[in-house]
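Since the structure comes first, as structure tokens, the remarks are kept for the end.
Worth saying up front: this structure is predicted, and the values here are computed from it rather than measured. Just so it is clear, the values below take in all heavy atoms, side chains as well, and ignore hydrogens, waters and symmetry mates. Sequence positions, counted from 1, serve as the residue numbers for this chain.
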Amino acid sequence: MTFLKSRTIIVWGYAAVLTAALSGLLITGTATSPDALPVFGVLAVMGMLVATLSRLGAAVQGGTLSVWLGPSLFRQVYPLAAIAKVNVVKVESPFAVGLRLLPDGWLYSLGGQDFTEVRLVGGRRVLIGFGEESGLPDALRRALRR
């Protein structure tokens, strides 16, 4: 079972900014200037951020939990046998966006406050930006009972 969450409004907003910046470079004729190289670097970084923060995905299948951002970037796979417990928690932080290394695990999020907390056998955890309404916690609990 696969779960996806998209940030289409933000992605289209950033895509519009990138398009406007590239169009401005082309219209003014500065696109071929060596002075435009730093601008292209900034636009490339912005483009990668847009691609990464465009979608959050999780899949429970084949005895594993897979979590990824964007077009399958930063994918991590956890065997269901390594999962000790699944909870739903609230994280009230404006910095809970993207991929974050936590002191005790990882956070995958596109924003929001409700997260599926996956506690691993060794004490580490994975916070996934899907709340109870997404169905991910229930799917994981059902898979763990099998």
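- Interatomic distance, Leu56 CG to Leu69 CG, rounded to the nearest 0.5 Å: 5.5 Å.
- Nearest heavy-atom pair, Val77 versus Ser66, reported as atom, atom and distance to 0.1 Å: CG2-OG, 3.7 Å.
- Judged by distance alone, the side chain of Thr64 and the main-chain N or O of Tyr78 form no donor-acceptor pair under 3.5 Å.
- Contact annotation: the side chain of Arg125 approaches that of Leu127 to within less than 4.5 Å [non-hydrogen atoms, C-beta and beyond].
- Under the salt bridge (charged side-chain N to carboxylate O under 4.0 Å, His left out) criterion, Asp138 pairs with Arg141, sequence neighbours left out.
- Counting all heavy atoms, side chain and backbone alike, Thr28 lies closest to Leu25 at OG1-O, 3.4 Å.
- When the side chains of ILVMFWY residues are joined at heavy-atom separations under 4.5 Å, either directly or via intervening members, Phe40 and Leu18 end up in a single hydrophobic cluster.
- Grouping the Ile, Leu, Val, Met, Phe, Trp and Tyr side chains by contacts below 4.5 angstrom, directly or via other members, places Ile83 with Leu136.
- Residues Phe74 and Phe3 fall within the same hydrophobic cluster, defined by Ile, Leu, Val, Met, Phe, Trp and Tyr side chains chained together at heavy-atom separations under 4.5 Å.
- Under a hydrophobic-cluster definition in which Ile, Leu, Val, Met, Phe, Trp and Tyr are linked whenever side-chain heavy atoms come within less than 4.5 Å, directly or via other members, Val126 and Val60 are assigned to the same cluster.
- Shown are Leu107, Ile128, Val88; of these, the side-chain contact (heavy atoms from CB on, under 4.5 Å) with Phe115 is made only by Leu107.
- Pro34 approaches Pro38 most closely through the heavy-atom pair O-CD, 4.0 Å.
- Hydrophobic clustering keeps Val121 apart from Leu144 (ILVMFWY residues linked when any side-chain heavy atoms are closer than 4.5 Å, directly or through intermediates).
- Side-chain contact between Leu101 and Trp106 is present, with heavy atoms from C-beta onward closer than 4.5 Å.
- The minimum heavy-atom distance linking Thr32 with Gly29 is given by the pair OG1-O, 3.9 Å.
- Between Arg124 and Asp104, no side-chain nitrogen of the basic residue sits less than 4.0 Å from a carboxylate oxygen of the acidic one, so the salt-bridge criterion is not met.
- The two residues Phe130 and Ala58 come nearest to each other via the heavy atoms CE1-CB, 3.9 Å.
- The two atoms that bring Ala59 and Thr2 nearest to each other are CB-OG1, 3.9 Å, heavy atoms only.
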* To do: Using the side chain to side chain contact (heavy atoms under 4.5 Å, CB included) rule, take Thr30 and Asp35 through it: C-alpha gap first, then chi angles, then the decisive distance, then the call.
  => CA-CA 8 Å; Thr30 57; Asp35 295 335; over 6 Å; no

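- For residues 78-96, every residue pair satisfying the salt bridge (charged side-chain N to carboxylate O under 4.0 Å, His left out) rule, not counting sequence neighbours, is listed here: Lys90-Asp114.
- The CZ atom of Arg100 sits 13.0 Å away from the OH atom of Tyr108 when rounded to the nearest 0.5 Å.
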